[in-house]
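Quick note: residue numbers are just sequence positions, from 1. Ligands are counted one by one from 1 in listed order, and the atoms in each one are counted from 1 as well.
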Amino acid sequence: MTGLDLVFLGPPGAGKGTQAAELARRRGVPHVSTGDLLRGAVKADSPLGRQARGYLDRGRLVPDEVVVGMVRERLDRSDARKGFILDGFPRTVAQAEALDRELTSRGRRLRAVVLFELQDDEVLERLGGRLTCTSCGAMYHLRHEPPSQEGICDRCGGGLEVREDDRPGTVRRRLEEYREKTAPLVAYYQGRGILRRVDASGPIEEVRAALEGLLGGE
Ligand code: AP5
C-alpha cells in the first residue's frame with residue numbers, strides 16, 4: 001500500500017520546511033526534516049549529534065550512512081505508515097538509492113519529488129532574515145513572516161534565534177554543496193517521471209497554492 005510519500009528538494013532557504021510543515025499538517029502525515037532531526041541530536045548532545053555538529057556548523061553534508069540510518073528509523077515509526085513528507089532528504093545520489101531500497105522493502109514508492117526553484121540572491125535574502133524558535137522549531141522571517149512580538153514565538157512563547165549555519169559564508173558553502181552533490185538528483189528523478197517543479201520565488205501563500213495545484217488529489 002502506497003501513501004502520500006513525497007520528497008521536497010531544492011536549495012537552502014527555498015521554503016521547503018515552511019511548505020512541508022503546512023502540507024503535512026493538512027494531510028495528516030509526518031514532516032520528516034533531516035535538518036531538524038540532526039539539530040535535535042546536536043541539542044541533545046547524543047552520539048549522533050556529536051558526530052554531526054561539525055558538518056552542520058561548516059555547511060557540509062553529514063555522511064550518507066549516518067543520515068540514511070536516521071531516516072530508516074524515522075520511517076519505521078507507525079505515524080509514517082500512511083505517508084510522509086521528506087524535507088532535505090535525499091541529498092545525494094547514494095541517499096536516493098538507499099531511499100529506493102528502503103521503500104521497496106516496505107512495498108512503497110515515491111509519489112512525487114517536488115523541486116523548489118529559487119535564485120541564489122533570493123536564498124541569501126531569505127536566510128539572512130530567518131528566525132527559528134528554539135522550543136518548537138517554528139520559522140519566521142524578519143520581513144516576510146515577522147513574529148507579532150519581537151524575539152518571541154507566536155505559537156509557543158519560546159525564544160527566537162538566528163540559525164548558526166545561516167551566516168552568509170556558511171550559506172554560500174551550503175549552496176556549493178547543493179550544486180555539487182544534490183542538484184544531480186534533478187536528473188535522477190526526472191528520468192523516472194516523478195519530478196514536479198514549483199516556482200518558489202512568490203509569497204508563501206502563492207507557493208502553497210501552486211503546490212496544491214501541482215499535487216492535486218495526491
Ligand atoms: P536543512 O535544515 O535541511 O537546511 P536546508 O536544506 O539548507 O534548508 P533550510 O532549512 O535552510 O531551508 P528551507 O528550504 O527549509 O526554507 P525555509 O522554509 O526554512 O539542513 C541543514 C544542514 O543539516 C545541512 O547543511 C547539512 O549539514 C545537514 N543535513 C540535513 N539533511 C542532510 C542530508 N540529507 N544529508 C546530509 N546532511 C544533511 O525558509 C527559509 C526562510 O524564508 C524562513 O525565514 C521562511 O520564513 C522564509 N520563507 C519561506 N518561504 C518564503 C516565501 N515564499 N517568501 C518569502 N519568505 C519565505
Side-chain angles (χ1 to χ4, degrees), residues 7-24 31-43 48-49 51-72 74 85-96 98-99 114-120 122-133 137-147 153-154 160-167 169-183 185 198-211:
V7 163
F8 280 8
L9 185 69
K16 306 180 294 295
T18 301
Q19 298 295 339
E22 172 64 18
L23 185 66
H31 165 206
V32 179
S33 155
T34 43
D36 286 348
L37 292 173
L38 289 164
R39 279 184 293 278
V42 168
K43 203 170 168 188
L48 170 68
Q51 209 177 342
R53 183 192 301 270
Y55 293 98
L56 265 83
D57 285 351
R58 283 180 287 124
R60 297 287 188 207
L61 293 190
V62 173
D64 290 336
E65 60 278 14
V66 175
V67 185
V68 168
M70 195 178 74
V71 170
R72 181 185 302 126
R74 183 61 188 85
I85 302 176
L86 278 172
D87 161 18
F89 180 91
R91 261 175 149 105
T92 64
V93 171
Q95 289 180 17
L99 177 62
V114 180
L115 174 65
F116 286 68
E117 298 186 293
L118 193 70
Q119 299 296 320
D120 288 4
E122 295 179 82
V123 165
L124 286 162
E125 196 270 335
R126 283 196 190 169
L127 295 184
R130 172 162 62 182
L131 295 170
T132 311
C133 176
M139 247 159 341
Y140 299 86
H141 191 277
L142 281 172
R143 227 155 45 86
H144 309 298
E145 190 89 330
C153 178
D154 291 350
L160 302 181
E161 67 172 12
V162 174
R163 236 166 76 175
E164 188 62 30
D165 59 347
D166 279 349
R167 283 171 301 183
T170 316
V171 171
R172 270 190 276 274
R173 186 118 17 89
R174 285 162 63 197
L175 276 168
E176 281 164 25
E177 289 279 86
Y178 176 76
R179 264 189 286 274
E180 192 186 321
K181 296 173 183 161
T182 309
L185 291 181
V198 71
D199 175 2
S201 65
I204 293 174
E205 278 306 325
E206 211 172 287
V207 178
R208 184 173 300 158
L211 195 57

**Student:** Of the backbone atoms (N, CA, C, O) and the side-chain heavy atoms from C-beta on, which set of Arg130 has a member under 4.0 Å from an atom of ligand 1: side chain, backbone, both, or neither?
**Tutor:**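 Under 4.0 Å from ligand 1, Arg130 contributes backbone and side-chain atoms.
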**Student:** With rounding to the nearest 0.5 Å, note down the distance linking CG in Leu61 to OG1 in Thr182.
**Tutor:**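 Reported to 0.5 Å precision, the distance equals 5.5 Å.
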**Student:** Quick check: does Gly88 get an N/O under 3.5 Å from an N/O on ligand 1?
**Tutor:**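 Checking ligand 1 against Gly88, an N or O pair does fall under 3.5 Å apart.
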**Student:** What is the nearest protein non-hydrogen atom to atom 51 (C) of ligand 1, stated with its residue, atom name and distance?
**Tutor:**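 I find the closest protein heavy atom is Ile204 CG1, 3.4 Å.
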**Student:** Give the atom numbers and elements of ligand 1 that come within less than 4.0 Å of a heavy atom of Val67.
**Tutor:**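 Near Val67, the atoms of ligand 1 are 33 (C), 34 (N), 35 (N), 36 (C).
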**Student:** Say whether Glu125 and His144, considering side chains only, have a donor N or O and an acceptor N or O under 3.5 Å apart.
**Tutor:**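 Distance-only check passes for Glu125 and His144.
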**Student:** For ligand 1, find out whether one of its N or O atoms is nearer than 3.5 Å to an N or O atom of Tyr140.
**Tutor:**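 Yes.
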**Student:** On a heavy-atom basis, I'd like to know which of Gln19, Glu125, Arg126 is closest to atom 52 (C) of ligand 1.
**Tutor:**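 Of the listed residues, Arg126 has the closest heavy atom.
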**Student:** Does any N or O atom in Thr34 lie less than 3.5 angstrom from one in ligand 1, N or O only?
**Tutor:**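 Yes: some nitrogen or oxygen of Thr34 is under 3.5 Å from one in ligand 1.
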**Student:** Is there a side chain to side chain contact (heavy atoms under 4.5 Å, CB included) between Leu99 and Phe89? Walk through the geometry before answering.
**Tutor:** CA-CA 9 Å; Leu99 177 62; Phe89 180 91; 4.0 Å; yes
**Student:** As an exercise, state the distance from CZ of Arg143 to CZ of Arg130, rounded to the nearest 0.5 Å.
**Tutor:**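 With rounding to 0.5 Å, CZ (Arg143) is 15.5 Å from CZ (Arg130).
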**Student:** Taking only heavy atoms of Arg174 into account, list the atoms of ligand 1 that are under 4.0 Å away from them.
**Tutor:**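 Per the distance check, 4 (O), 5 (P), 7 (O), 9 (P), 11 (O), 25 (O).
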**Student:** Suppose we measure from atom 23 (O) of ligand 1 to each protein heavy atom; which comes out shortest, and what is that distance?
**Tutor:**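 Here the closest protein heavy atom is Leu56 CG, 3.7 Å.
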**Student:** For atom 49 (C) of ligand 1, what's the nearest protein heavy-atom neighbour? Residue, atom name and distance, please.
**Tutor:**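 Going atom by atom, the protein heavy atom closest to atom 49 (C) of ligand 1 ends up being Thr18 OG1, 3.5 Å.
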**Student:** Check if Gly202 has a non-hydrogen atom at a distance under 4.0 Å from any atom of ligand 1.
**Tutor:**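 Under 4.0 Å: yes for Gly202.
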**Student:** Near Met139, which atoms of ligand 1 are under 4.0 Å from a heavy atom of that residue?
**Tutor:**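 Reading through ligand 1 atom by atom, the close ones are 17 (P), 18 (O), 19 (O).
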**Student:** Using a strict 4.0 Å cut-off to heavy atoms of Leu38, name the atoms of ligand 1 that fall inside it.
**Tutor:**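 Answer, ordered by atom number: 23 (O), 28 (C), 29 (N), 30 (C), 38 (C).
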**Student:** Which residue holds the protein heavy atom closest to atom 56 (N) of ligand 1, what is that atom called, and what is the gap in Å?
**Tutor:**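 Here the closest protein heavy atom is His144 CD2, 3.3 Å.
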**Student:** For atom 16 (O) of ligand 1, grab the closest protein heavy atom and report residue, atom and distance to one decimal in Å.
**Tutor:**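 Looking at atom 16 (O) of ligand 1, the protein heavy atom closest to it is Gly15 N, 3.1 Å.
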**Student:** So for atom CD, which belongs to Glu117, do other residues, nucleotides or ligands contribute more than 12 heavy atoms lying within a distance under 6.0 Å?
**Tutor:**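 Yes - once you tally the heavy atoms of other residues, nucleotides and ligands closer than 6.0 Å, there are more than 12.
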**Student:** Counting both backbone and side chain atoms, is some N or O of Asp165 under 3.5 Å from an N or O of ligand 1?
**Tutor:**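 No.
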**Student:** Do any N/O atoms on Asp87 end up under 3.5 angstrom from N/O atoms on ligand 1?
**Tutor:**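 Not met; the criterion fails.
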**Student:** Does some side-chain heavy atom of Leu160 sit less than 4.5 Å from a side-chain heavy atom of Thr132?
**Tutor:**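 A side-chain contact is absent here, since even the closest heavy-atom pair is not under 4.5 Å.
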**Student:** Considering all heavy atoms of both residues, which atom of Arg174 and which atom of Asp165 are nearest to each other, and what is their separation?
**Tutor:**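 The pair with the smallest heavy-atom distance is NH1-O, 2.8 Å.
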**Student:** Under 4.0 Å from a heavy atom of His141: which atoms of ligand 1 are those, numbered in the order shown and with their elements?
**Tutor:**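 Going through ligand 1 atom by atom, the ones under 4.0 Å from His141 are 44 (O), 46 (O).
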**Student:** Calculate, to the nearest 0.5 Å, the distance between atoms CG and CD belonging to Leu124 and Gln119 respectively.
**Tutor:**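 Rounded to the nearest 0.5 Å, the CG-CD separation comes out at 11.5 Å.
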**Student:** Compute the shortest N/O to N/O distance between Gly129 and ligand 1 and return yes if it is under 3.5 Å, no if not.
**Tutor:**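 Among all N and O atoms of Gly129, none is under 3.5 Å from an N or O of ligand 1.
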**Student:** Looking only at N/O atoms, are Gly13 and ligand 1 under 3.5 Å apart anywhere?
**Tutor:**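 Among all N and O atoms of Gly13, at least one is under 3.5 Å from an N or O of ligand 1.
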**Student:** Among all the protein's non-hydrogen atoms, which is closest to atom 37 (N) of ligand 1, and how far away is it?
**Tutor:**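 It is Val62 N, 3.0 Å.
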**Student:** Which atoms of ligand 1 sit under 4.0 Å from any heavy atom of Gly17?
**Tutor:**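 Answer for ligand 1: 13 (P), 15 (O), 18 (O).
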**Student:** Report the distance from atom NZ of Lys181 to atom CD of Glu176, rounding to the nearest 0.5 Å.
**Tutor:**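 Reported value, rounded in 0.5 Å steps: 10.0 Å.
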**Student:** Identify the two heavy atoms, one from Gly13 and one from Leu118, that lie closest to each other, and give their separation to 0.1 Å.
**Tutor:**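 Minimum heavy-atom contact is O-CD2, 3.8 Å.
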**Student:** Would you say Ser33 touches ligand 1, if touching means a heavy atom closer than 4.0 Å?
**Tutor:**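 Contact absent.
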**Student:** Return the CD1 to CE distance between Ile204 and Met139, rounded to the nearest 0.5 Å.
**Tutor:**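 Interatomic distance, Ile204 CD1 to Met139 CE, rounded to 0.5 Å: 8.5 Å.
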**Student:** Using the rule given for side chain to side chain contact (heavy atoms under 4.5 Å, CB included), can you reason through Thr18 versus Arg126, listing the C-alpha separation, both sets of side-chain angles and the distance that settles it, and then say yes or no?
**Tutor:** CA-CA 12 Å; Thr18 301; Arg126 283 196 190 169; over 6 Å; no
**Student:** Is any side-chain heavy atom of Asp154 less than 4.5 Å from a side-chain heavy atom of Tyr140?
**Tutor:**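 Counting from C-beta outward, Asp154 and Tyr140 do come under 4.5 Å.
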**Student:** Is it the case that ligand 1 has an N or O less than 3.5 angstrom from some N or O of Arg39?
**Tutor:**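 Between Arg39 and ligand 1 (N or O atoms, distance only) the closest approach is under 3.5 Å.
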**Student:** Quick one: closest heavy-atom pair of Gly88 and Thr34, and the distance?
**Tutor:**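 What the structure gives for the nearest pair is O-OG1, 3.0 Å.
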**Student:** Within ligand 1, which atoms have a heavy atom of Arg60 less than 4.0 Å away?
**Tutor:**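 Under 4.0 Å from Arg60, ligand 1 has these atoms: 26 (C), 27 (O).
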**Student:** Can the positive tip of Arg53 be found less than 6.0 Å from the middle of the six-membered ring of Tyr55, inside 45° of the ring normal?
**Tutor:**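 Output no; distance or angle outside limits.
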**Student:** Are the side chains of Met70 and Leu38 in touch, meaning some heavy atoms are under 4.5 Å apart?
**Tutor:**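 A side-chain contact under 4.5 Å exists here.
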**Student:** Going by the closest heavy atom to atom 1 (P) of ligand 1, which one wins out of Met70, Glu122, Arg91?
**Tutor:**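 Heavy atom nearest to atom 1 (P) of ligand 1 belongs to Arg91.
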**Student:** At what distance, to the nearest 0.5 angstrom, does CG of Leu9 lie from CG of Leu115?
**Tutor:**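 So the gap between those two atoms works out to 5.5 Å.
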**Student:** Strictly under 4.0 Å, does any heavy atom of Arg163 approach an atom of ligand 1?
**Tutor:**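 Yes, that is the case, since the closest heavy atom of the residue is under 4.0 Å from the ligand.
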**Student:** Please confirm whether Pro203 approaches ligand 1 to less than 4.0 Å, judged on its heavy atoms.
**Tutor:**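 Right, Pro203 reaches ligand 1.
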**Student:** For atom 8 (O) of ligand 1, state which one of Glu205, Gln95, Lys16 supplies the nearest heavy atom.
**Tutor:**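 The residue whose heavy atom sits nearest atom 8 (O) of ligand 1 is Lys16.
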